[in-house]
Amino acid sequence: MPFIAPLCLVLAIGLSWPRFLIIFRPATQPVAATAPSTMIASVVNISSVGFAVADNGPLIGMLIIVLGLALAYLLDVRGCTFTTALSCIGLAIYLQLASTAAF
(Lines give C-alpha, C1' and ligand atoms only; values in the text may rest on other atoms or scores of the structure.)
Protein backbone atom coordinates (compact mmCIF):
# COMPACT_ATOMS: atom_id res chain seq x y z
CA MET A 1 0.00 0.00 0.00
CA PRO A 2 2.86 2.48 -0.62
CA PHE A 3 0.77 4.28 -3.25
CA ILE A 4 -1.76 5.72 -0.80
CA ALA A 5 0.51 8.50 0.51
CA PRO A 6 1.38 9.89 -2.95
CA LEU A 7 -2.28 9.57 -3.93
CA CYS A 8 -3.18 11.81 -0.99
CA LEU A 9 -0.71 14.38 -2.30
CA VAL A 10 -2.26 14.17 -5.76
CA LEU A 11 -5.66 14.85 -4.21
CA ALA A 12 -4.33 17.72 -2.11
CA ILE A 13 -2.68 19.36 -5.12
CA GLY A 14 -5.60 18.76 -7.46
CA LEU A 15 -8.28 20.00 -5.08
CA SER A 16 -6.41 23.08 -3.88
CA TRP A 17 -5.07 24.18 -7.28
CA PRO A 18 -8.13 26.14 -8.55
CA ARG A 19 -8.35 28.21 -5.38
CA PHE A 20 -4.57 28.70 -5.38
CA LEU A 21 -4.70 30.12 -8.92
CA ILE A 22 -7.10 32.86 -7.87
CA ILE A 23 -4.15 34.80 -6.48
CA PHE A 24 -2.47 35.05 -9.89
CA ARG A 25 -5.44 36.08 -12.03
CA PRO A 26 -5.54 39.81 -12.77
CA ALA A 27 -9.35 39.97 -12.78
CA THR A 28 -9.64 38.57 -9.24
CA GLN A 29 -11.31 40.77 -6.68
CA PRO A 30 -9.10 41.61 -3.67
CA VAL A 31 -11.72 40.11 -1.35
CA ALA A 32 -11.42 36.70 -3.05
CA ALA A 33 -7.63 36.87 -3.17
CA THR A 34 -7.37 37.55 0.56
CA ALA A 35 -10.11 35.18 1.68
CA PRO A 36 -9.18 32.63 4.34
CA SER A 37 -10.04 29.70 2.07
CA THR A 38 -7.66 31.08 -0.57
CA MET A 39 -4.89 31.35 2.00
CA ILE A 40 -5.50 27.84 3.25
CA ALA A 41 -5.57 26.44 -0.29
CA SER A 42 -2.29 28.21 -1.03
CA VAL A 43 -0.62 26.73 2.03
CA VAL A 44 -1.92 23.24 1.24
CA ASN A 45 -0.84 23.48 -2.39
CA ILE A 46 2.66 24.78 -1.74
CA SER A 47 3.18 22.28 1.10
CA SER A 48 1.95 19.37 -1.02
CA VAL A 49 4.25 20.31 -3.90
CA GLY A 50 7.17 20.58 -1.46
CA PHE A 51 6.42 17.22 0.16
CA ALA A 52 5.98 15.57 -3.24
CA VAL A 53 9.48 16.55 -4.34
CA ALA A 54 11.23 16.28 -0.97
CA ASP A 55 9.89 12.88 0.03
CA ASN A 56 9.77 11.15 -3.35
CA GLY A 57 12.62 12.68 -5.33
CA PRO A 58 12.41 14.98 -8.32
CA LEU A 59 11.14 12.49 -10.90
CA ILE A 60 8.37 10.89 -8.85
CA GLY A 61 7.62 14.29 -7.32
CA MET A 62 7.07 15.81 -10.75
CA LEU A 63 4.81 12.89 -11.65
CA ILE A 64 2.73 13.51 -8.51
CA ILE A 65 2.48 17.21 -9.35
CA VAL A 66 1.47 16.55 -12.96
CA LEU A 67 -1.18 14.06 -11.83
CA GLY A 68 -2.49 16.62 -9.35
CA LEU A 69 -2.72 19.26 -12.08
CA ALA A 70 -4.47 16.77 -14.36
CA LEU A 71 -6.95 16.04 -11.58
CA ALA A 72 -7.59 19.77 -11.15
CA TYR A 73 -8.18 20.09 -14.89
CA LEU A 74 -10.51 17.08 -15.02
CA LEU A 75 -12.60 18.08 -12.01
CA ASP A 76 -12.85 21.71 -13.15
CA VAL A 77 -14.11 22.99 -9.81
CA ARG A 78 -13.97 26.73 -9.35
CA GLY A 79 -12.38 26.74 -5.94
CA CYS A 80 -15.24 26.13 -3.56
CA THR A 81 -14.67 25.83 0.16
CA PHE A 82 -15.60 22.13 0.18
CA THR A 83 -12.72 21.21 -2.14
CA THR A 84 -10.35 23.27 0.00
CA ALA A 85 -11.46 21.27 3.04
CA LEU A 86 -10.96 18.00 1.15
CA SER A 87 -7.49 19.07 0.10
CA CYS A 88 -6.65 19.79 3.76
CA ILE A 89 -7.86 16.32 4.67
CA GLY A 90 -5.73 14.81 1.90
CA LEU A 91 -2.63 16.60 3.19
CA ALA A 92 -3.41 15.59 6.79
CA ILE A 93 -3.74 11.94 5.78
CA TYR A 94 -0.45 12.17 3.91
CA LEU A 95 1.29 13.67 6.93
CA GLN A 96 -0.09 10.90 9.13
CA LEU A 97 1.04 8.20 6.71
CA ALA A 98 4.44 9.79 6.23
CA SER A 99 5.03 10.07 9.97
CA THR A 100 4.15 6.43 10.59
CA ALA A 101 6.34 5.30 7.69
CA ALA A 102 9.35 7.07 9.20
CA PHE A 103 9.36 4.81 12.25
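Every value quoted in this text rests on a predicted model; they were computed, and no experiment measured them. Just the heavy atoms: all of them, side chains too, but no hydrogens, waters or symmetry mates, feed the values below. Numbers here simply count residues along the sequence, with the first being 1.
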Of all heavy-atom pairs between [X] and [Y], which one has the smallest distance, and what is that distance?
{"X": "Pro18", "Y": "Ala72", "result": "CD-CB, 4.3 Å"}
{"X": "Ser48", "Y": "Ile13", "result": "CB-CG1, 3.5 Å"}
{"X": "Ala41", "Y": "Ser16", "result": "O-CB, 3.6 Å"}
{"X": "Gly14", "Y": "Leu71", "result": "CA-CD2, 4.1 Å"}

Distance check, rounded to the nearest 0.5 Å: [X] atom [atom1] versus [Y] atom [atom2]?
{"X": "Ser42", "Y": "Trp17", "atom1": "OG", "atom2": "CH2", "answer": "10.0 Å"}
{"X": "Leu91", "Y": "Ser47", "atom1": "CG", "atom2": "OG", "answer": "6.0 Å"}
{"X": "Asn45", "Y": "Leu15", "atom1": "CG", "atom2": "CG", "answer": "10.5 Å"}
{"X": "Ser99", "Y": "Leu97", "atom1": "OG", "atom2": "CG", "answer": "7.5 Å"}
{"X": "Leu9", "Y": "Ile93", "atom1": "CG", "atom2": "CD1", "answer": "11.0 Å"}

Would you list the atom pairs, donor with acceptor, under 3.5 Å between side chains in residues 21-29 and any protein atom, with sequence neighbours excluded?
unit_1, atom_1, unit_2, atom_2, d
Thr28, OG1, Ile22, O, 2.8
Thr28, OG1, Arg25, O, 3.2

Answer yes if [X] and [Y] sit in the same cluster of Ile, Leu, Val, Met, Phe, Trp and Tyr residues linked by side chain heavy atoms under 4.5 Å apart, and no otherwise.
{"X": "Ile89", "Y": "Ile4", "result": "yes"}
{"X": "Val43", "Y": "Leu95", "result": "no"}
{"X": "Val10", "Y": "Val66", "result": "no"}
{"X": "Leu7", "Y": "Leu74", "result": "no"}

Point to revise | Student check: side-chain heavy atoms of Val44 and Thr84 closer than 4.5 Å | key: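 Sidechains of Thr84 and Val44: no contact.
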Point to revise | Residue pairs involving residues 61-77 (criterion salt bridge (Lys or Arg N to Asp or Glu O under 4.0 Å); sequence neighbours excluded) | key: Asp76-Arg78
**Study point:** Contacts of type side chain to side chain donor-acceptor pair (under 3.5 Å), residue Thr38, not counting sequence neighbours
**Key:**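 Checked Thr38 against side chain to side chain donor-acceptor pair (under 3.5 Å); matches are Arg19.
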Review point. Do Leu11 and Ser87 pass the side chain to side chain contact (heavy atoms under 4.5 Å, CB included) test, and can you show the C-alpha distance, the side-chain angles, and the key distance before you say yes or no?
Key: CA-CA 6 Å; Leu11 288 174; Ser87 68; over 6 Å; no
Which pairs of donor and acceptor atoms, one on a side chain in residues 49-65, lie under 3.5 Å apart (sequence neighbours left out)?
unit_1, atom_1, unit_2, atom_2, d
Asp55, OD2, Tyr94, OH, 2.3
Asn56, ND2, Ala52, O, 3.3

Point to revise | Residue pairs passing the side chain to side chain donor-acceptor pair (under 3.5 Å) test where at least one lies in residues 61-75, sequence neighbours excluded | key: none
